[in-house]
Asks: 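Quick one: structure below, then a few questions.
Here the structure is a predicted model, which means the values were calculated and not measured. Quick note: numbers below take in every heavy atom, side chains included, and nothing from hydrogens, waters or symmetry partners.
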Amino acid sequence: MYCIGFLFFFLSIVNKHKPWIETSYHGVITENLDTVLLDPPLVALDKDAPVPYAGEICSFKLYGQEVPFEAVVLNRTSGEGVLRASRPVDCESQKEYTFIIQAYDCGAGTSGADWKKSHKAVVHIQVDDVNEFCPVFREQLYKASVIEGKIYDSILQVEAWDQDCSPQYSQICNYEIVTGGTPFAIDRNGNIRNTERLSYDKQQNYKITVTAFDCGQKRAKEDVAVHIDVKPVCKPGWQGWNKRVDYEPGTGSKQLFPRMHLETCGGPLSGVRAMVELQTNHIGKGCDRETYSEKSLQKLCGAASGSTDLLPAPSPSTNWTASLLTDSGRDSDLIYRFDGHQAANVPDHVVPQNLTDQFTIATWMKHGPSPGLRAEKETLLCNSDKTEMNRHHYSLYVHNCRLVFLLRRDFTQVDTFRPAEFHWKLEQICDKEWHYYVINVEFPAVTLFVDGVTYEPYLVTDDWPIHASKIDTQLTVGACWQGGEVVTPRFTQYFRGSLSGLTIRPGRIETQKVISCLQACKEGLDINSLESLAKDIKFHFNPAQSVLVVEGEDVDSINTAMTKVSYINSRQFPTPGLRRLHITTTVQCFGEDTCLAIPDIKAVVMVLPPSEPRITITGSNRLIRPAGDVQGQQGVAPFKELHITSTVMKGDSFNGCEPGVMELMHNLDYCDILVIGEELNPERESLEIHHNALLGKHLDATNSTSGISIYGVDSMAHYEQAVRQVHYRNWRPATLSERRFRLTCSELNGRYTSNEFNLEVSLSSLRHTSDFYSSLLVLLSTPFAINSATVVIVVCIAALVVIVVIGVYRIHATHQEGSREDEDEVKDSEVDWENSALTITVNPMEVTSQALDEEVKEEKREEEEEEEDEEQVGGMTSAESDNSGEDEDEEEERGGRELKGKLEWNSSSVTY
């Protein structure tokens with residue numbers, strides 16, 4: 001009895017615990033397969049382990065209505081199990097299942113008695129779809145009809161469907177037209193449209209085949225046929241117009257559509273609205289504008305003087321832009337392109353040092369968004385500390401397509417917050433088009449002009465003033481200079497875009513009138529004979545006159561108005577090439593918004609190349625003057641006889657005239673006088689033009705040791721007058737052997753340039769002595785001068801002439817002090833060897849001081865008489881001197897060898 005009782009007690013405590021499983025399971029099964037992937041895996045645990053039976057898992061049981069799954073124990077000891085389908089699972093029949101699962105242990109022994117079960121766990125099973133079905137069209141044939149000449153957004157819609165259960169395989173993702181070479185297209189929704197205007201005369205019907213693809217790229221089992229019929233109708237639209245209109249420069253306003261009319265097919269209309277758009281974005285900076293230099297344009301528009309061009313054309317005096325990328329291929333526009341790696345430091349002597357509470361910054365800018373770089377600042381202009389610190393005194397930059405102007409004022413008397421950053425958010429800043437930006441500063445107010453339109457900042461932030469320091473500043477274009485707080489000074493905040501005409505003017509703000517002039521287009525649309533338009537016609541232009549809208553109630557009135565639409569280009573030398581025209585038309589019928597579809601018109605205006613002018617500079621190439629004239633207070637006027645002309649070649653079509661050369665009057669925008677060779681020495685010489693010479697003209701001038709630049713848009717006559725009054729002076733003529741200058745003139749900022757006119761200035765006395773010694777060498781080299789008597793004669797003549805020349809030089813220098821307005825060349829004091837025979841009778845012993853005095857007096861009388869005679873050089877007229885001056889250097893190099901060929905000695909006339 002004791003053993004039996006102990007056995008019952010042992011069995012009662014062996015299966016003490018019930019199995020344990022997770023509270024919920026999520027599973028996935030692919031349809032038509034039996035394996036279920038459970039998360040977490042199916043595992044049951046029992047705390048009675050490792051007791052046999054009681055600590056083992058014998059089964060899993062599922063509870064639910066018609067559950068097509070079963071759970072199988074894989075390992076009784078570990079409690080691992082697997083869930084699998086008991087029959088095929090179809091996603092199209094049921095997409096997911098939810099049921100209950102419990103785990104059972106093996107009880108207290110082999111009989112399985114006294115088993116225990118776990119708690120109930122929820123199982124969610126999702127059935128994954130298999131792309132087993134093909135798309136099927138809902139119709140076997142689709143039909144539609146269209147009216148010829150019309151573009152449809154949708155002619156008809158085809159539709160297919162798919163039996164698969166999942167969105168991936170049941171949705172139709174794409175339709176495709178199988179038939180090739182048809183004027184139709186289909187979108188992903190099955191909408192079929194025509195890609196060109198259909199013509200009934202060309203083809204009356206189209207038969208195309210369409211297929212469909214589900215999102216698993218399974219194609220439709222059967223394609224579907226689509227039949228589209230084309231119906232003939234009256235063709236409403238503009239008729240009688242040409243696709244190309246040629247425009248000859250200088251012809252003023254030209255009608256674009258002189259015979260155009262609107263065909264409405266007889267329908268009753270209540271109104272017509274036509275919009276004509278002239279597209280010139282590809283021309284220059286948005287349209288055909290004047291391409292003069294920035295300084296010339298500002299003077300032409302009446303802007304105040306004193307502006308500094310921060311992006312001038314590279315030259316010896318403006319070399320800081322030489323390393324920048326340029327894009328100057330279009331009509332001589334000077335455009336600098338910044339790609340985020342270029343910048344230029346403006347020299348200190350160029351930077352305006354006197355910025356006050358009033359100044360103006362202006363520039364042309366073309367800028368677009370920078371993907372991935374929106375957080376970076378792109379600096380156009382920056383004035384920052386050159387060394388030690390990194391303070392920005394003023395800058396203009398783009399940040400996240402916003403234009404920001406920073407102005408940190410210097411500390412004055414009150415150390416308080418003051419306006420420092422001005423922000424503008426405009427579409428123009430990142431639209432990749434050219435715009436003209438002007439910032440007028442009247443501190444604390446700052447106003448922005450974009451293409452002549454005023455914009456106030458949407459945000460103004462304050463900052464502390466900058467305390468004064470002895471640190472120099474650096475003005476940079478295209479980035480900002482960081483000279484302090486870094487190991488190596490460098491550029492930062494690079495600009496990405498294009499700039500042109502960046503200027504800064506201290507002490508003045510620009511007026512609205514000047515700003516409008518500087519950015520004005522010189523081409524646009526126009527209407528001729530406004531008085532002939534009907535009273536019901538309304539029209540208006542945009543500010544640039546590139547868009548014209550014409551509205552009217554009567555078709556005939558609209559037709560008359562459209563024939564008056566013209567193109568005009570006021571430039572004498574416009575940019576040649578195409579200008580696109582786009583006309584859109586809206587027709588209204590009674591009681592309807594729109595009733596007729598009028599096709600758009602796309603035409604072009606072809607601006608023909610202008611006849612290129614040939615600018616020619618003529619005049620004397622050599623100026624020989626006594627030292628006294630060059631040394632005088634006014635010096636000499638090297639270009640006194642200068643003439644500037646311009647000619648063009650004209651063909652048969654020009655006013656019915658025969659082909660040939662025709663003189664043309666036009667403006668110039670600069671003339672540069674360049675010093676050839678060594679630059680001017682300010683301690684002894686100067687080249688200058690008096691301010692009075694520019695009065696009454698649209699001209700200004702700058703000079704340096706390299707020469708003079710006269711600039712401004714003005715007539716050739718005014719330029720000729722100004723250049724003639726340029727004076728050269730050398731107050732130490734003994735140091736002067738010769739001075740050479742080169743003159744060039746330009747129209748349209750170098751688009752048309754003149755010839756290079758070279759001129760040489762030299763002293764007359766030095767030339768005479770040189771010629772004498774050259775003649776002396778010739779004399780010594782002649783065959784008959786081989787005896788001692790000849791040598792004695794030559795030596796005596798040489799001594800006499802040297803003394804005479806020195807005496808005449810001193811007398812003449814004293815006599816010519818002061819200035820002379822009439823610059824006459826001096827006749828040589830030498831003998832005309834070519835036109836007279838030579839007779840010399842000399843007794844060397846009789847050359848006395850009395851004879852010397854008589855010679856000096858005679859030379860003086862001849863000198864005074866020569867001043868009243870016609871200008872001659874070395875026995876030649878001025879015209880002959882011009883021709884000989886071009887080869888002067890070669891003549892001097894050949895020396896007496898050439899002179900010998902010119903002298904014809906008659907030995908019979910020489911007396912010893």
Asks: For R193, is there an ion pair with D153 - N to carboxylate O distance below 4.0 angstrom?
Replies: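 No, this pair does not count.
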
Asks: Any side-chain donor-acceptor pair under 3.5 Å between Y292 and E747?
Replies: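 The answer is yes; a qualifying pair exists.
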
Asks: Say whether, by atom type as modelled, one donor and one acceptor occur between the side chain of T379 and the main chain of L381 under 3.5 angstrom.
Replies: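 No.
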
Asks: Look only at the side chain of S315 and the backbone of T318, and say whether a donor-acceptor pair between them is shorter than 3.5 Å.
Replies: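 Pair found, side chain donor or acceptor close to backbone of T318.
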
Asks: Within a radius of less than 6.0 Å around CD of Q512, do more than 12 heavy atoms belonging to other residues, nucleotides or ligands occur?
Replies: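 Result for CD/Q512: enclosed.
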
Asks: Less than 3.5 Å apart, any donor N or O on the side chain of H367 or E378 sitting next to an acceptor on the other?
Replies: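 Present: a donor and an acceptor within the cut-off.
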
Asks: Would you call E523 and R571 a salt bridge, taking side-chain N to carboxylate O under 4.0 Å as the test?
Replies: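 R571 and E523: not salt-bridged.
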
Asks: Name all residues meeting the salt bridge (charged side-chain N to carboxylate O under 4.0 Å, His left out) criterion together with K386; count only those two or more places apart in sequence or in a different chain, and write none if there are none.
Replies: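 K386 satisfies salt bridge (charged side-chain N to carboxylate O under 4.0 Å, His left out) with D348 only.
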
Asks: Going by an N to O cut-off under 4.0 Å, is there a salt bridge joining D339 and R337?
Replies: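 No, D339 and R337 are not salt-bridged.
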
Asks: Would you mind writing out the side-chain donor-acceptor pairs for residues 436-445 within the sub-3.5 Å range, not counting sequence neighbours?
Replies:
unit_1	atom_1	unit_2	atom_2	d
Y437	OH	Q428	O	3.4
N440	OD1	T360	OG1	3.0
N440	OD1	E510	N	3.1
N440	ND2	E510	O	2.8
E442	OE2	Q358	NE2	3.2

Asks: So, applying side chain to side chain contact (heavy atoms under 4.5 Å, CB included) with M275, which one of L548, V549, D600, I583 is it?
Replies: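 For M275, the side chain to side chain contact (heavy atoms under 4.5 Å, CB included) test succeeds with only one of L548, V549, D600, I583, which is V549.
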
Asks: Any luck finding a side-chain donor-acceptor pair between D672 and S709 under 3.5 Å?
Replies: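 The criterion, which ignores hydrogens and geometry beyond distance, is satisfied for S709 and D672.
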
Asks: When you compare the side chains of S566 and D526, does any donor N or O come within less than 3.5 Å of an acceptor on the partner?
Replies: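 S566 vs D526: no donor-acceptor pair found between side chains.
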
Asks: Please determine, by modelled atom types, if D385 and H392 share a side-chain donor-acceptor pair under 3.5 angstrom.
Replies: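 Absent: no donor and acceptor within the cut-off.
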
Asks: Take Y752 and F573 through the test ring-ring contact (aromatic ring centres under 6.0 Å, His included) and record every step on the way to the result.
Replies: CA-CA 10 Å; Y752 305 114; F573 304 106; 5.0 Å; yes

Asks: With no hydrogens and no angle check, do the side chains of S384 and H393 hold a donor and an acceptor under 3.5 Å apart?
Replies: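 No, because no side-chain N or O of S384 sits under 3.5 Å from a partner of the opposite role on H393.
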
Asks: Verify whether one side chain among R742 and N758 offers a donor that lies under 3.5 Å from an acceptor in the other.
Replies: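 Yes - a donor-acceptor pair under 3.5 Å links their side chains.
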
Asks: Scan residues 461-511 for pairs that pass disulfide bond (SG atoms under 2.5 Å apart), counting only residues two or more places apart or in two chains.
Replies: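 Residue pairs with at least one partner in residues 461-511: C382-C480.
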
Asks: Between the side chain of Y670 and the main-chain N/O of G712, is any donor-acceptor distance below 3.5 Å?
Replies: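 Judged by distance alone, no pair lies under 3.5 Å.
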
Asks: Run the ring-ring contact (aromatic ring centres under 6.0 Å, His included) test on W481 and F491 for me, step by step, so that the C-alpha distance in whole Å, both residues' side-chain angles and the decisive distance to 0.1 Å come before the verdict.
Replies: CA-CA 5 Å; W481 178 254; F491 291 116; 5.2 Å; yes

